[in-house]
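Here is the structure we will look at.
All chains are named by letter (A, B, ...) in the order of the sequence lines, taking the proteins before the strands, and each is independently numbered beginning at 1. Atoms considered below: every heavy atom in the structure, side chains included; atoms not considered: hydrogens, waters and symmetry mates.
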Amino acid sequence: MSFRHAIETTISTHLSDLDQSLIELSIPRYEHGDFALNIAFKLSKIQKKNPMLIADEVVQQLTQTSDVLHISQLSGFINIKVDDNYLIKYMSEFMLSSPKWDKDPSILLEYVSANPTGPLHIGHGRWAVIGDVLYRLLQAVGGNVKNEFYVNDAGNQVKTFEASIHAIKNGQSIPENGYGGPFIDTVVAEKPDDVTSIDYVIECHRQSLETLDCKFDRWFKESTLHQSDIIQIIQDEYPDLIYKKDGAVWFKTTDYNDDKDRVLQKDNGDLTYFACDIVYHLNKINRKYDHIINIWGADHHGYIERIRAAILAKKESVTFSVILGQLVNLFKDGEPIKMSKRTGNLIELDDVIHEIGVDATRYFLVEKRPDLPLDFDMTKATMTSMDNPVYYIQYAHARICSLQKKCEGLPEGAHTAINDADRKLMVHVCRYYDVLLDASNSLEPYKLPQYLHELASLFHSFYQKCPVIVDDAITPHRIAILSAVQKVIQHCSGILGISTPEKM
RNA sequence: GCGCCCGUAGCUCAGCUGGAUAGAGCAACGGACUUCUAAUCCGUAGGUCGAACGUUCGAAUCGUUCCGGGCGCGCCA
């Protein structure tokens, strides 16, 4: 059980006469306590009584928990400090447990899904890392989750791409709106004869992503959908929502909150992307996923409602979430790098990883909320390596390993008297599963680096103030703290995909 | 014009289902290595939370209207 949940349960049982939905713990500043309850304010509205008086009554009821919780009141706020013995006990039990989600949907995460007509760039890297961390996070809480890369290996862009390759190979000029640049030249030069250029690019994508430690359970090719008649499938699945107008075939998304209906098949017989995407998402539904999560660039946000319409029209119980990400602006030496896919003037994802390393690349790409544009300065990420948060975290881990080596053979245990730096660190360790569950529920992987950085910071402070090797009374306790912190750093770094060196 | 996202310290951002004195990191300034790794720590300074109204015991958080920035509004992919 997570720390917060454990405390909440204790409190609920002692306040069973009150509306349980009002019992919600918040985290106050450390001086006030480990948790706080603002139920007095909420009740005062209902009961029309002075919140201070209500708080007094609640505190009165909670005094029975005094062996576990220390309750106090400050101008209506009920502050809760967890007893040190309970902290120690929780921490040692926590060491043996795993976080567990209270739900078990079957989840499909789809992300990156770059067109196989060019190399991956830093923006793809952002989706890849956010998606991958989310994937690992959901697995860590026991979620039933798969991830998938959708390959657009059909359609006009692909034809143009192949025509461009063909032209370059034969020394002809690149067709209008075709593809050129160093990446294409490499494809022409290095592609073996027995693979298609599209498959070769897909393989390049796979390798770039594996360099970043991002693996996919499935690479879903759009071309496999075209083995069936797309329009026929949609016709069969949505007989009431499909109609013909002006020579085109339309889908009635306006029945589901969209602001206009959308075309499935143009009057020239070509299918739109939307038609293929409907069938792709039908495929996801047919594979019995309860929760479909897509990570898309912010420029696709207009697309959400129509896909949602198609999904809900088929199966209302499916949860459809889209994580919208703003693009990444790449900088070097403080100067923005302009990128154009067509001309091939492009810094590839591989270049970035090569220059700043997997750990730093992953950390910086997942650290911020995805709905904020990200300025990614390659020079800064390498030059300021001394102040790099990645090293800060890794250094904490290395320090622990070094201490553990020195403590080899010494007993590990717990004692009662602890000071503030000990305690702050322990409380933060205990909150780890709360953070995992919170980040899972909200699909917000960026909360992890935040937590981990804070943990490292508390550890470094602890390191300064709390010598481990002192005497028989204190040393075993601090060794126990070291193990707990180490476990959390390793576990959390594992989700972020960042290495934890033993020496630095 | 319409829709979505964003506006918090010099910079990059947390905090947003209403709660206590608005928090970090970087940059700046001042301290701490004969003592478990100074890739560290401790301290100082830094704010009309874009603006104005409104809702109420209480607003960075909710509502309305502006201002500023990003992105979309195809029978493109």
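- A:C466 comes within contact range of at least one nucleobase, with a heavy-atom separation under 4.0 Å.
- One P atom belongs to B:rA22, the other to B:rA45, and the distance between them is 14 Å to the nearest Å.
- Separation of the C1' atoms belonging to B:rC49 and B:rA14 is 13 Å when rounded to the nearest angstrom.
- Contact annotation for A:D267: base contact, defined as any heavy-atom pair under 4.0 Å involving a base atom.
- As a whole-Å value, the separation of A:N329 CG from B:rG69 C1' is 12 Å.
- Atom pair A:H453:NE2 and B:rU40:P shows a separation of 9 Å (rounding to whole Å applied).
- Not a single donor-acceptor contact under 3.5 angstrom links the side-chain atoms of A:K447 to the base of B:rG15.
- Side-chain nitrogen and oxygen atoms of A:K266 include at least one within less than 4.0 Å of the OP1 or OP2 phosphate oxygen of B:rC76.
- Closest approach of A:Y303 and A:Y273 over heavy atoms only: OH-C, 3.5 Å.
- A distance of about 44 Å separates the C1' atoms of B:rA32 and B:rG69, rounded to the whole Å.
- Distance check on atom C1': B:rG58 versus B:rC42 gives 36 Å, rounded to whole Å.
- Residue-to-nucleotide proximity on RNA chain B shows that, of A:D371 and A:E454, the 5′-proximal contact is made by A:D371.
- Stacking of A:H32 onto the six-membered ring of B:rA20 is present: less than 5.5 angstrom between centres, less than 30° between planes.
- Using a 4.0 Å heavy-atom criterion, one finds that A:Y463 contacts the bases of the nucleic acid, with or without backbone contacts as well.
- Heavy atoms of A:D246 sit under 4.0 angstrom from at least one base atom.
- Within 4.0 Å of A:N38, counting heavy atoms only, lies at least one base atom of the nucleic acid.
- Summarising the geometry, the separation between CD1 on A:I230 and P on B:rC75 is reported as 19 Å, rounded to the nearest angstrom.
- Stacking annotation: A:F77 is not stacked on the base of B:rG19 (requires ring centroids less than 5.5 angstrom apart and an interplanar angle below 30 degrees).
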What's touching nucleotides 8-13 of chain B from the protein side, N or O pairs under 3.5 Å?
unit_1 : atom_1 : unit_2 : atom_2 : d
B:rU12 : O2'    : A:K368 : NZ     : 2.6

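- Here, B:rC6 and B:rA38 have their P atoms 42 Å apart, quoted to the whole Å.
- Using a 4.0 Å heavy-atom cutoff across all strands shown, A:A248 reaches at least one base atom of the nucleic acid.
- No donor-acceptor distance shorter than 3.5 angstrom exists from the side chain of A:S457 to the backbone of A:H453, with no hydrogens or angles considered.
- In this entry the distance linking CD1 of A:I304 with P of B:rC71 reads 17 Å, nearest Å.
- Between A:R399 and the phosphate of B:rA38, there is a side-chain N or O to OP1/OP2 separation shorter than 4.0 Å.
- Mapping A:K45 and A:D261 onto RNA chain B by nearest heavy atom places A:K45 closer to the 5' end of the strand.
- Residue contacts shown for A:A396 are absent, as no nucleic acid heavy atom lies under 4.0 Å away.
- When distances run from any side-chain atom of A:F41 to the nucleotides B:rG58, B:rG19, B:rA39, the shortest one goes to B:rG19.
- Between A:Y280 and A:F220, the two ring planes are tilted [angle within 30° to 60°].
- The gap from the P atom of B:rG15 to that of B:rC76 amounts to 40 Å, rounded to the nearest Å.
- Note on ring orientation: taking the six-membered ring where Trp is involved, the planes of A:W296 and A:F320 are perpendicular (angle over 60°, cut-offs 30° and 60°).
- Between B:rG15 and A:Y446, a contact under 4.0 Å exists linking OP1 or OP2 to a side-chain N or O.
- A:K368 and A:D375 are not joined by a salt bridge, as no carboxylate oxygen comes within less than 4.0 angstrom of a charged side-chain nitrogen.
- What separates CD of A:Q265 from C1' of B:rC76 is a distance of 16 Å, to the nearest Å.
- Across B:rA59 and B:rU8, the matching C1' atoms stand 14 Å from one another, rounded to whole Å.
- Atom NE2 in A:H301 sits roughly 12 Å away from atom P in B:rC6 (whole-Å rounding).
- Within the 3.5 Å criterion, the main-chain N or O of A:V279 finds no donor-acceptor partner in the side chain of A:N283.
- The pair A:D438-A:R431 does not count as a salt bridge, with every side-chain nitrogen at least 4.0 angstrom from each carboxylate oxygen.
- A pairwise comparison of heavy atoms in A:A40 and A:P51 identifies CB-O, 3.4 Å as the closest pair.
- Distances shorter than 4.0 Å separate none of the side-chain N or O atoms of A:S461 from OP1 or OP2 on B:rU40.
- Minimum atom distance to the side chain of A:K260 is reached by B:rC75, of the listed B:rC75, B:rG58, B:rC71.
- Residue-level contact check: A:D377 touches neither bases nor backbone, having no heavy atom under 4.0 Å from any strand.
- Annotation: cation-pi pair A:R399/A:F459 absent, no NZ/CZ under 6.0 Å from the ring centroid and within 45° of its normal.
- Nucleic acid contact for A:P28: base, since at least one base atom lies under 4.0 Å from a heavy atom of the residue.
- A cation-pi contact, defined as under 6.0 Å to the ring centre and within 45° of the axis, is absent between A:R126 and A:Y446.
- Put simply, the side chain of A:D153 never gets that close to the backbone of A:V158: no donor and acceptor are under 3.5 Å apart.
- Formation of a donor-acceptor pair under 3.5 Å by the A:N388 side chain with backbone atoms of A:V390 is found in this model.
- When heavy atoms are screened at a 4.0 angstrom cut-off, A:H460 is found touching the sugar-phosphate backbone but no base atom.
- Note: CD1 (A:I27) to C1' (B:rG19) measures 15 Å, nearest angstrom.
- In this structure, the NE2 atom of A:H397 is 16 Å from the C1' atom of B:rA39, given to the nearest Å.
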Intra- and inter-strand pairing of RNA chain B, written as dot-bracket with Watson-Crick and G-U pairs under 3.5 Å and | for the latter, reads (((((((..((((.....[...)))).(((((.......))))).....(((((..]....))))))))))))....

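- With a glycosidic angle further than 90° from 0, B:rC5 counts as anti.
- Nucleotides B:rG3 and B:rA60 have their P atoms positioned 27 Å apart, rounded to a whole Å.
- Within the 3.5 Å criterion, the main-chain N or O of A:Y392 finds a donor-acceptor partner in the side chain of A:H460.
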